[in-house]
Every structure is written in C-alpha cells, then in structure tokens.
J.: 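Following this message is one structure expressed as structure tokens.
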Amino acid sequence: MTYKLAILPGDGIGPEIVAEAVKVLTALRDDFGLEVGWEQAPVGGSAYDDTGHPLPGPTLDLARSADAVLLGAVGGPKWEALDHSVRPERALLGLRKELGLFANLRPAKAFPELAEASALRPEVVAGIDIMVVRELTGGIYFGEPSGVEELADGRRRGVNTLVYTSDEIERIGRVAFDIARKRSGRVCSVDKANVLEATEMWREVITALGERDYPDVALSHMYVDNAAMQLVRAPSQFDVMVTTNMFGDILSDEASMLTGSIGLLPSASLNQEGAGMYEPIHGSAPDIAGTGQANPLATILSVAMMLRYSLDQGEIADRVEAAVERVLADGWRTPDIAGNGEAVGTAEMGDAVIAALRG
Ligand code: IPM
Ligand code: MG
C-alpha cells in the first residue's frame, strides 16, 4: 500500500521549509523503501489570493482523502485586515474541524546542544521533555454563541463561549493517558476549575476516567495560572499535560520557548481514525520569508511524527529524529539557533539532514 500525503505549504516561510521536508520524504521513498506519494495544494493567505478562500474546496478534499497532511504555515501581515471569515487562520480551524482533528500533540523537548538558547537558565531547562496534549476542536474556539453584535444604544457586545461535553473531555483524556503509558506514566490535567464550571466538569471527567481505566497512570491537576507559572519556575516536573483548546494554545507556546528553539518543535493533530495533520509549531515568519534563512527542522520533525502516528512507520521516524540530532550535534545551525556562531541556510540544513539519514 502506498500512503498518500497532502502537502500544504501555505504562506511566508511555509513553502521554503516544506520544500526541505519534501526532500526528506523523497529520500525516504528512494533510499529507504517508504511507499509514499503526495500532492500539493494551496492553503492560507496565498490560497485566498488565488481563489478568494483560505481553504479552497479542492484543498479540503485532498486533505480528506489523504492518510496525512503536512502543513507549513499560514498567515502574514498582508491578510491581517481581512474579515475573520476569510483570514488565513480560518483554514487551520477549518481543517481541524472538518477532519475531526481533536487531539493536538505538542512536544517540547530540550536539545542539550541548544541549552544556551533558552531564555531560562540551562540548569532549569536541562532534560525537559514535555508533551502538551491540547484539545483542538472544541472549547472556546468553536463554542456558540459567538460573535459581535451592535446594541440598541450603540455599544457593541462581543461573545465567545467555553463549552465542552463530557465525551469530548473523555476522548482527549484517553489520548493523554495512552501517551503517558508510553512515557513516564504521569499526566497533569490543566483547568480553571476554581472559576469556570465547564472546566470543573473537565476535572471531574478526567478524574473519573483515570480512576476507572488508567489506575496505573499518576494523575495530577493544576489551575492554568499556576501551570503557566510552574512552567517557567520548574518545568522538569511536567511530563504529559492535557488541557483545553485555549489553555493548550497558550501553554504550548510557553513550553516551546523553554527549549529555546521554536524552530525545532513539531506538532501532530489527530482524529479518531489516526489520520492527522502535521505542522511546525512556529508560524509563517513573514519577516524572513524568501531569504532562505528559515529553520526547516521543525517541519522535518513533523514528518517524523507523521511517520510515527499516521503511517505506522516508527522505525523510519526514529531514523529521521536521529538524523536531526546528528546534525545538531555536528554543529549545523540556522540563524535562529546559531547565537553568535556561524549559520547555514534552509536548504543546506535540509541537505545536512538527508546526508545524516544516509549515514
Ligand atoms: C496555533 C495557532 C492557531 C491557534 C491560530 C493560528 C489559529 O496559534 O496553532 O497554536 O490558535 O490554534
Ligand atoms: Mg498558538
């Protein structure tokens, strides 16, 4: 069977970094027997420019029919003034909702070679290996009612709604517990149960699930404000963190910064069937788009996650991750992680990974 991928480069540095990931996929196909094929489609602001919509129908159809989607990045200043309904970010939300990608996995792992790049002291971030499991298709991002209305007296009223049903909480909880079993067996669930009823229920559902089906996993709970603080105070206490859509959005950015290298962090968004969308955590970086300076490693590591979670190719995934570690150990650096040292460009970094793969 040949796996079919949808490749959506998107905006800004998206096309440059995805090109390197495609080079890696090509090497895996040609040299390692990975049976894989792919098709590209436009998404985000560039798709809007071409078609008037950030997520054109044919792009969504391609994503639906694929075993996995690889996405670069969407958005940029050019499209910031657009109406919400056609903003590039809408394409991401649309893909998540339409493909049912409810489970967002965002690993934040320290690379020892880059400890100096963190904003925190090296001894604080040494050895951190956190997996943020973010609920991705519910919560305040999608709750109704939502919108802005004009009141009779001329004031405006804006509303978003934080809503979860118990089954939505349970299914993301299962993902977190299952991952914890393959790691250190610890889950920290993050909520705001002291204030928000919906997340008080979140805590109850996660607790009951843990007691019933995962008694072997050590479950703890934390309020989100404390979790934000603990992440910078003592991040190594965390392993798997599971949380709502919006808290996960915020905490995963925070966690990524601990590693000092947002250009290295991949992510996976999975549905019930195991199909998924894979993308680097960083955005479209319009300031450096087109300069050939972007770091392609997060996208290449997203390919590794894709191999592991959607294509069931754990061994090849290990090889890709080992190749990335190798190039870092050998001193290859794009400008974002070079400090004052010497840096290479996007394509050279991609080539270095492929050379390391071929060993
Ligand atoms: C993310 C991003 C998106 C989100 C935006 C671009 C819609 O911040 O993937 O974390 O808020 O989910
Ligand atoms: Mg975010």
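Indexing begins at 1, ligand by ligand and atom by atom, following the structure's order.
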J.: Please work out whether any backbone atom (N, CA, C, O) or any side-chain heavy atom from C-beta onward of His282 is under 4.0 Å from ligand 1, and answer side chain, backbone, both or neither.
T.: neither
J.: Looking at the Mg ion (ligand 2), is there an N, O or S atom belonging to Asp249 that lies under 2.8 Å away from it?
T.: yes
J.: Just need the protein heavy atom nearest to atom 1 (C) of ligand 1, so name the residue and atom and give the distance.
T.: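 That would be Arg106 NH2, 3.3 Å.
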J.: Keeping Ser236 on the side-chain end and Ile128 on the backbone end, is there a donor-acceptor pair under 3.5 Å?
T.: no
J.: Judged by non-hydrogen atoms, does Met246 sit under 4.0 Å from ligand 1?
T.: no
J.: Tyr164 and Trp202: aromatic ring centres closer than 6.0 Å?
T.: yes
J.: Please report the shortest heavy-atom distance between Gly263 and His282, naming the atom on each side.
T.: CA-CD2, 3.9 Å
J.: What is the closest protein heavy atom to atom 4 (C) of ligand 1, and at what distance does it sit?
T.: Tyr141 OH, 3.4 Å
J.: Below 4.0 Å from ligand 1: does a non-hydrogen atom of Arg87 turn up there or not?
T.: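 Not so, Arg87 does not reach ligand 1.
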J.: Should the pair Arg319 and Phe32 be classed as cation-pi, given the thresholds of under 6.0 Å to the six-membered ring centre and 45° from the axis?
T.: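 Negative - Arg319 is either too far from the ring of Phe32 or too far off its axis.
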J.: Search all heavy atoms of Val18 against all heavy atoms of Gly72 and return the closest pair with its distance.
T.: CG2-CA, 3.5 Å
J.: Among protein heavy atoms, which sits nearest to atom 2 (C) of ligand 1, and what does the distance come to when rounded to 0.1 Å?
T.: Asp249 OD1, 4.0 Å
J.: Apply salt bridge (charged side-chain N to carboxylate O under 4.0 Å, His left out) to Arg326 and Asp330, showing your working.
T.: CA-CA 6 Å; Arg326 171 92 256 155; Asp330 287 349; 2.8 Å; yes
J.: Would you please test Lys78 and Asp49 for salt bridge (charged side-chain N to carboxylate O under 4.0 Å, His left out) and show each step?
T.: CA-CA 10 Å; Lys78 184 174 176 201; Asp49 288 345; 2.6 Å; yes
J.: Quick test: of every protein heavy atom, which one is nearest to atom 6 (C) of ligand 1, and how far off is it to 0.1 Å?
T.: Glu89 CG, 3.6 Å
J.: Of all the atoms in ligand 1, which lie at a distance below 4.0 Å from a heavy atom belonging to Arg134?
T.: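 Matching atoms, with element in brackets: 1 (C), 4 (C), 9 (O), 10 (O), 11 (O), 12 (O).
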